[in-house]
Amino acid sequence: MAFVSSGYNPDKPMEGRKSDIGPRKYDEFYPPFIAKNKGNWDYHEILEPGLLMHVSKSGDKVYTLRVGAARLMSVTHIREICDIADKYCNGFLRFTTRNNIEFMSESMDTIKALKADIEARKFKAGSNKFPVGGTGASISNIVHTQGWIHCHTPATDASGPVKAVMDEMYEEFKQMRMPAKLRIALACCINMCGAVHCSDIGLVGIHRKPPMIDHDWTDRLCEIPLAVASCPTAAVRPTKVDKDGEKINTIAIKNERCMYCGNCYTMCPALPISDGDGDGVAIMVGGKVSNRISMPKFSKVVVAYIPNEPPRWPSLVKTVRHIVEVYAANARKYERLGDWAERIGWERFFSLTGLEFTPHLIDDFRDPAYYTWRQSTQFKF
Ligand code: SF4
Ligand code: SF4
């Protein structure tokens with residue numbers, strides 16, 4: 001890690017460097033009008049869903065068109081995005097933290113032509129390639145993780161349920177009729193590479209069964225001490241089993257101590273944890289990063305388990321839609337989902353949404369539970 005205090009010079013990032021590992025300095029990629037007005041922006045407005053205008057103190061204006069994007073992209077799709085940027089934006093574009101693409105221009109005429117062009121671009125089946133929206137009080141793009149296509153520990157897919165949920169929410173992406181911005185995220189296991197802890201609605205893949213132990217491979221594929229050390233609840237221990245009359249080194253798991261986190265599988269591929277019946281999705285709500293109305297907050301589990309139902313995850317989609325509808329009908333303007341639930345009380349949140357409150361929703365992980373348990377008799381019904 002290069003700190004200025006350690007002598008690193010951001011103006012000469014390659015000075016003294018023996019390798020070229022790591023990204024180039026971000027400001028090399030600013031469009032000229034962004035570089036020129038850096039630190040000088042005065043205000044911004046959302047002119048219409050998906051279209052922003054930023055105004056500099058110098059009077060310069062930049063218009064930004066925001067479009068939804070997939071998280072897993074083909075090379076041909078990326079080339080098409082680059083061609084659009086070349087045609088209208090001198091080759092510049094940016095991605096937001098929610099994986100929206102933003103095309104920027106100083107000319108409103110250019111942005112209008114760009115909008116007409118990209119709204120006419122369709123996939124072969126007829127769906128929009130580049131839907132415009134995701135600004136202000138809308139449901140923006142869903143940020144998600146790798147899912148079944150790539151990672152080794154997912155308890156649910158990522159692109160599949162996200163596509164199904166976002167298809168359901170499509171109109172809310174294109175309009176700004178929510179009480180406040182509403183952010184949805186998905187992480188396919190509780191390692192939570194996605195932003196589910198700080199999103200209004202978080203979808204989290206969960207395992208519900210301990211890892212299976214493949215004794216034939218434990219000693220051949222794994223460093224057994226590493227697998228033992230990886231378990232946060234000390235459920236993993238070394239042992240020996242008889243195999244064809246021979247004692248082999250392997251692993252034993254105390255199932256009642258296991259919390260199905262999958263850490264040991266990360267260390268030892270002979271401990272697979274994915275399971276068709278055990279795996280599914282939990283729903284969390286109320287997280288946010290913003291300081292508006294209240295401090296940033298972590299989301300809380302409100303649905304402990306929904307089974308995986310590929311390819312369209314109907315139960316998950318229906319539950320998310322329902323939570324969104326109840327929130328939209330009851331929250332005050334500018335109130336994020338977590339602020340609304342805290343104002344009316346979580347008891348009322350459960351009675352309004354009709355979601356069942358079960359013991360599985362109570363935090364029982366030793367350290368954080370001291371802080372998250374309610375420690376008074378103040379209930380709101
Ligand atoms: Fe892999 Fe878990 Fe991250 Fe998904 S959330 S990409 S399963 S580590
Ligand atoms: Fe331990 Fe997690 Fe493996 Fe269970 S899944 S044995 S809690 S490391």
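These values consider heavy atoms only, across backbone and side chains, with no hydrogens, waters or symmetry-generated copies. Remember, it's 1-based here, ligands and their atoms both numbered in the order they're listed.
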Worksheet item: Mind checking what residues have non-hydrogen atoms under 4.0 angstrom from ligand 1?
Response: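 The answer is T145, Q146, C151, T153, P154, C188, C189, N191, M192, C193, counting any residue whose heavy atom sits under 4.0 Å from ligand 1.
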Looking only at side-chain N and O atoms, does [Y] offer a donor or acceptor that is under 3.5 Å from a partner on [X]?
{"X": "S56", "Y": "S58", "result": "yes"}
{"X": "N37", "Y": "D60", "result": "yes"}
{"X": "Y30", "Y": "K38", "result": "yes"}
{"X": "N128", "Y": "R121", "result": "no"}
{"X": "T96", "Y": "N100", "result": "yes"}

Going by the order shown, which atoms of ligand 2 are within less than 4.0 Å of some heavy atom of [X]?
{"X": "T233", "result": "7 (S)"}
{"X": "M259", "result": "4 (Fe), 7 (S)"}
{"X": "V236", "result": "6 (S)"}

Practice prompt. Determine yes or no for a side-chain-to-main-chain donor-acceptor pair under 3.5 angstrom, with R321 supplying the side chain and E168 the backbone.
Written response: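 Side chain of R321 to backbone of E168, a donor-acceptor pair under 3.5 Å: yes, one is there.
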Worksheet item: Are any side-chain N or O atoms of S299 and backbone N or O atoms of V196, one a donor and one an acceptor, separated by less than 3.5 Å?
Response: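 The answer is yes, because a donor-acceptor pair under 3.5 Å joins these two groups.
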Worksheet item: Just wondering, is there an N, O or S atom on C258 that's nearer than 2.8 Å to atom 1 (Fe) of ligand 2?
Response: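 No, outside the cut-off.
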Item to complete: Would you indicate whether C222 and C268 have their SG atoms under 2.5 Å apart?
Response: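 A disulfide, yes.
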Worksheet item: Does any N, O or S atom in C264 come within less than 2.8 Å of atom 3 (Fe) of ligand 2?
Response: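 Yes.
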